[in-house]
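Model, not experiment: these values are computed from the prediction.
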Amino acid sequence: MIEPGEVVVECCAKESAAAWFRQVCEVHDRVFSAEPFAWVPEMSPAHEAELRHLMEVADFRLVVARQRDRLLGYAYGHPLPVDHGWWGDFDRPLPAGLVEEWPGRTFAVISLAVLPEWRGRGTGRRLMEELLRDRAEERAILSVQPAALATQRLYRAWGWTKVGRKGPLVGVTPPCWDIYVRDLGVVPR
């Protein structure tokens, strides 16, 4: 039995992911419109459109941290398609073995956000671990805004490695992103 004040971290099926859509968008906007993140108002509707699209992608995964029906944080991602283009536009050439993709190689963590009042309690780590639990991919990738230094320190503490900086990207806020990779311990085929 779940206690009233207990924080529950759970993976959502497609139907329950749709039920969390509005709260995920609200948490996203609250978290990423605050310092140290770069934010422009267009990011809110762009995120909504991207999330609606991703929820239709095969193997999309949403994990929520909740207290009863109140969303405290979320994480979501999907397997990276071979032709995604993630590995383009870096500020320097990356090793060929790093950027080579094949079906089932990489899971992309698209977004993780925890409300400020719930940080420092292990909620973000629990979300990330549940998101990546039992993945069949060999590795995971994510991007972080360069100004989000505390976030980058957290990811490094969780075993992520920075592999480079993507950008500058025209028409993107911010124009540069730091890219991190983490081995998921799956034996390559």
Side-chain angles (χ1 to χ4, degrees), residues 7-89 106-119 123-133 135 137 140-148 150-152 154-155 160 166-180:
V7 174
V8 176
V9 174
E10 61 190 359
C11 194
C12 297
K14 189 171 184 170
E15 298 76 26
S16 59
W20 287 107
F21 178 83
R22 179 56 35 216
Q23 286 191 62
V24 167
C25 291
E26 290 168 1
V27 169
H28 172 273
D29 291 358
R30 181 170 169 207
V31 168
F32 293 110
S33 66
E35 293 286 333
F37 301 104
W39 178 265
V40 292
E42 297 81 26
M43 292 172 96
S44 182
H47 172 257
E48 287 186 21
E50 178 186 42
L51 181 55
R52 281 186 204 285
H53 167 73
L54 290 177
M55 289 173 68
E56 300 301 320
V57 169
D59 293 327
F60 169 80
R61 181 179 279 184
L62 169 67
V63 176
V64 297
R66 65 178 177 83
Q67 201 171 45
R68 293 191 180 179
D69 292 335
R70 179 175 178 238
L71 188 68
L72 311 175
Y74 69 83
Y76 64 80
H78 62 87
L80 190 69
V82 173
D83 61 352
H84 189 275
W86 186 283
W87 297 110
D89 302 311
T106 306
F107 183 81
V109 177
I110 302 301
S111 189
L112 181 146
V114 176
L115 291 172
E117 60 270 25
W118 286 94
R119 293 181 193 151
T123 305
R125 185 181 197 119
R126 288 177 63 197
L127 283 164
M128 182 67 79
E129 293 308 313
E130 183 63 22
L131 181 67
L132 299 178
R133 186 174 57 82
R135 293 302 317 170
E137 293 84 5
I141 58 173
L142 58 78
S143 61
V144 183
Q145 292 190 19
T151 302
Q152 293 199 36
L154 193 64
Y155 286 142
W160 292 83
K166 189 174 177 77
L169 305 170
V170 177
V172 176
T173 301
C176 295
W177 294 81
D178 291 335
I179 306 302
Y180 283 74

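At a threshold of 4.5 Å between non-hydrogen side-chain atoms, the residues Trp20 and Val27 do not count as touching. Between Arg70 and Leu115 there is a side-chain heavy-atom pair separated by less than 4.5 Å. A 4.5 Å side-chain heavy-atom check between Thr106 and Glu137 finds every atom pair outside the cut-off. Between Tyr155 and Leu112 the shortest side-chain heavy-atom distance falls below 4.5 Å.
For Thr173, the side-chain contact (heavy atoms from CB on, under 4.5 Å) test picks out Ala38, Val40, Met43, with sequence neighbours left out. By the side chain to side chain donor-acceptor pair (under 3.5 Å) test, Gln145 is found to be paired with no residue, residues two or more places apart in sequence or in another chain being considered. Shown here are the side chain to side chain donor-acceptor pair (under 3.5 Å) partners of Glu50, two or more places apart in sequence or in another chain: there are none. With sequence neighbours excluded, the residues that form a side-chain contact (heavy atoms from CB on, under 4.5 Å) with Cys25 are Phe21, Arg22, His47, Glu48, Leu51. Listed by chain and residue number, nothing satisfies the side chain to side chain donor-acceptor pair (under 3.5 Å) test with Arg125 (two or more places apart in sequence, or in another chain).
In terms of modelled atom types and a separation under 3.5 Å, the side chain of Ser33 and the main chain of Asp29 share a donor-acceptor contact. A donor-acceptor contact shorter than 3.5 Å links the side chain of Gln23 to the backbone of Leu71.
The distance from atom CD1 of Ile110 to atom CG of Leu142, rounded to the nearest 0.5 Å, is 9.5 Å. Distance check, rounded to the nearest 0.5 Å: CG of Leu154 to CE of Met128 gives 8.5 Å.
Considering all non-hydrogen atoms of both residues, Pro45 and Glu42 come closest at CD-O, 3.4 Å. Shortest non-hydrogen contact noted between Pro146 and Asp178 is CA-OD2, 3.6 Å. Nearest heavy atoms, Ser111 versus Phe32: OG-CE1, 3.8 Å. Scanning all heavy atoms of the two residues, the minimum distance from Thr123 to Ala65 falls at CG2-CB, 3.6 Å. The heavy-atom pair separating Ser143 from Trp177 by the smallest distance is OG-CE3, 3.8 Å. Here the shortest heavy-atom pairing between Trp86 and Ala108 reads CZ3-CB, 4.3 Å.
The aromatic rings of Tyr74 and Tyr76 lie parallel to each other, with less than 30° between the two planes, well short of the 60° mark.
Residues Tyr180 and Gln152 have side chains that bring a donor and an acceptor to within less than 3.5 angstrom of each other.
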List the atom pairs, with distances to 0.1 Å, where a side-chain N or O of residues 55-63 and a protein N or O form a donor-acceptor pair under 3.5 Å, not counting sequence neighbours.
{"unit_1": "Glu56", "atom_1": "OE1", "unit_2": "Lys14", "atom_2": "NZ", "d": "3.1"}
{"unit_1": "Arg61", "atom_1": "NH1", "unit_2": "Leu131", "atom_2": "O", "d": "2.8"}
{"unit_1": "Arg61", "atom_1": "NH1", "unit_2": "Arg133", "atom_2": "O", "d": "2.8"}

